[in-house]
Amino acid sequence: EPNALSVSRVLWDEGFPPGVVESAQKLLYWPDGSAGFENLLALVQALAERQPGKPVELHIVTSGTARISDRDRILPHNAMLVAAGKVIAQEFPTIQTETIDVEGGAGLPHELVEELLNASIQPHIALRESGRWALRHEPVRLDPARAARRLRRNGLYLITGGMGGVGLALGRRLREH
């Protein structure tokens with residue numbers, strides 16, 4: 001069963017410097033995402049530097065990043081690990097990332113081993129007693145008449161990040177109607 005020591009041994013055997021091995025150990029043991037984020041970035045940078053072009057699968061196991069039921073507790077400090085996983089996959093094309101959310105305090109489910117051995121990588125999944133849940137996006141058809149009723153005439157709307165093309169276009173459209 002993989003643990004921080006076996007992962008560290010693999011990194012050491014591959015010739016990674018002691019600092020990278022230590023970052024991997026901290027990343028695997030860190031309970032609250034705060035230092036885990038920095039250690040994840042250090043590990044990815046080392047992988048990209050030491051093994052450029054070599055395909056890597058990176059599984060980020062965390063908790064509190066997916067709300068499947070009302071009893072799931074969201075931990076905002078772990079959300080940055082999900083975001084980092086998405087960005088890593090975009091910035092480093094040879095590194096495939098998958099964030100696996102497990103229930104906090106429940107121990108590691110046996111499905112986690114199956115997930116780690118699975119050939120299919122999905123960006124964000126959650127393992128619960130009720131099953132395996134995968135995040136996916138589907139198109140939704142919007143009713144323009146219904147959407148227009150939600151806007152108030154002479155209403156006040158805050159557009160954050162509104163200096164880009166989308167924000168300016170949205171602001172103009174709101175002003176016209």
[Y] backbone acceptor or donor facing [X] side chain under 3.5 Å:
X      : Y      : value
Asn78  : Gly64  : no
Arg172 : Arg175 : no
Asp72  : Ser69  : yes
Thr94  : Pro55  : no

Quick one: pull up [atom1] in [X] and [atom2] in [Y] and give me the separation to the nearest 0.5 Å.
X     : Y      : atom1 : atom2 : answer
Ile95 : Glu57  : CD1   : CD    : 11.5 Å
Ile68 : Arg128 : CD1   : CZ    : 5.5 Å
Leu81 : Lys86  : CG    : NZ    : 12.5 Å
Ile74 : Ser63  : CD1   : OG    : 9.5 Å

Shared hydrophobic cluster, Ile121 / Val102 (ILVMFWY, side-chain heavy atoms < 4.5 Å): no

Shared hydrophobic cluster for Phe92 and Met80 (ILVMFWY, side-chain gaps under 4.5 Å):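 Yes, Phe92 connects to Met80 through the hydrophobic network.
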
Minimum heavy-atom distance between Thr97 and Ala89, given as atom pair plus value: OG1-CB, 3.6 Å

Residues in salt bridge (charged side-chain N to carboxylate O under 4.0 Å, His left out) contact with Glu98, at least two apart in sequence or another chain: none

Residues that Arg71 engages under salt bridge (charged side-chain N to carboxylate O under 4.0 Å, His left out), provided they are two or more places apart: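 Listed in chain order: Glu103.
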
If we only count heavy atoms from C-beta on, is the [X] to [Y] side-chain gap below 4.5 Å?
X      : Y      : value
Leu40  : Ile88  : yes
Pro123 : Thr99  : no
Ile159 : Leu174 : yes
Ile125 : Leu135 : no
Val82  : Ile60  : no
Gln96  : His59  : no

Stepwise side-chain contact (heavy atoms from CB on, under 4.5 Å) test for Thr62 and Ile100: CA-CA 6 Å; Thr62 187; Ile100 304 170; over 6 Å; no

More than 12 heavy atoms of other groups within 6.0 Å of Arg73 CZ: no

Contacts of type side-chain hydrogen bond (donor to acceptor under 3.5 Å, both in side chains), residue Thr65, not counting sequence neighbours: Asp101, His124

